[in-house]
Amino acid sequence: MHAGELETSILLHAHPGLVKPGYEASDHDSGDRRHMLTLGLEPYTDSGVVGRPSLASPGKGRDLLASLVESFEEHLRLLDP
């Protein structure tokens with residue numbers, strides 16, 4: 001969701017200095033989030049974390065970004081002047 005495994009993994013790979021110490025113990029399951037799009041994060045988390053950053057790793061971030069580049073390669077190529 002937000003500041004969970006995927007987002008934290010990307011930051012650990014690309015910009016590790018932006019990840020706050022203690023992310024490994026910051027997991028937060030906010031339960032039913034059906035109204036998050038209309039209410040925002042505030043009713044669901046005090047910390048801003050919704051997910052499991054404890055599962056994050058730089059390797060996962062690297063692999064995720066590589067997969068996204070591969071998946072969107074043709075689209076990205078169209079944007080290259």
Side-chain angles (χ1 to χ4, degrees):
M1 282 302 302
H2 183 64
E5 179 181 5
L6 293 181
E7 288 181 352
T8 304
S9 290
I10 289 170
L11 285 176
L12 285 171
H13 169 66
H15 299 286
L18 295 178
V19 180
K20 291 182 180 179
Y23 74 91
E24 306 92 335
S26 298
D27 291 2
H28 178 73
D29 177 14
S30 64
D32 180 7
R33 299 182 296 264
R34 75 179 85 189
H35 301 292
M36 186 178 282
L37 289 176
T38 55
L39 298 176
L41 283 173
E42 192 172 351
Y44 299 97
T45 175
D46 292 330
S47 68
V49 174
V50 177
R52 298 175 69 187
S54 67
L55 299 176
S57 74
K60 287 179 183 179
R62 179 197 63 230
D63 293 347
L64 174 63
L65 290 176
S67 175
L68 288 171
V69 168
E70 183 178 330
S71 297
F72 288 94
E73 181 178 15
E74 190 58 36
H75 300 287
L76 295 172
R77 197 182 320 277
L78 291 172
L79 297 174
D80 191 16

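What you see is a predicted model; the values in this text were computed from it and never measured. FYI, side chains are in, hydrogens and waters are out, and symmetry mates aren't considered; it's all heavy atoms of this structure.
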Starting at CZ of Arg77, measure out to CG of Leu79 and round the result to the nearest 0.5 Å. 11.5 Å
What distance separates Thr8 OG1 from Glu24 CD, expressed to the nearest 0.5 Å? 10.0 Å
Minimum heavy-atom separation for Gly48 and Ala3, please, with both atom names. O-CB, 4.2 Å
Between Ala14 and Pro16, the two heavy atoms sitting closest are C-CD, 3.7 Å
For the hydrophobic clusters of this structure (ILVMFWY residues joined by side-chain heavy atoms under 4.5 Å, transitively), does one cluster hold both Ile10 and Leu76? yes
Measure the NE2-OG distance between His2 and Ser47 for me, rounded to the nearest 0.5 Å. 9.0 Å
Residue Arg52 excluded, over 12 heavy atoms near CZ under 6.0 Å: no
Do Leu64 and Leu55 belong together in a cluster built from hydrophobic side chains that touch within less than 4.5 Å? no
Shortest non-hydrogen pair, Ser26 vs Gly22, comes out as OG-O, 2.8 Å
OG (Ser54) and CD (Glu5) are apart, to the nearest 0.5 Å, by 8.0 Å
d(Arg62 CZ, Ser9 OG) to nearest 0.5 Å is 11.0 Å
Should Asp27 and Pro53 count as side-chain neighbours, where that means a heavy-atom distance under 4.5 Å? yes
How about Tyr44 and His28: do any of their side-chain heavy atoms sit closer than 4.5 Å? no
Option from Val49, Leu11, Leu12 for which side-chain contact (heavy atoms from CB on, under 4.5 Å) with Tyr23 holds: Leu12
Side chains of Thr45 and Ser30 in contact at under 4.5 Å (non-hydrogen atoms): no
Does Leu37 CG have over 12 foreign heavy atoms under 6.0 Å away? no
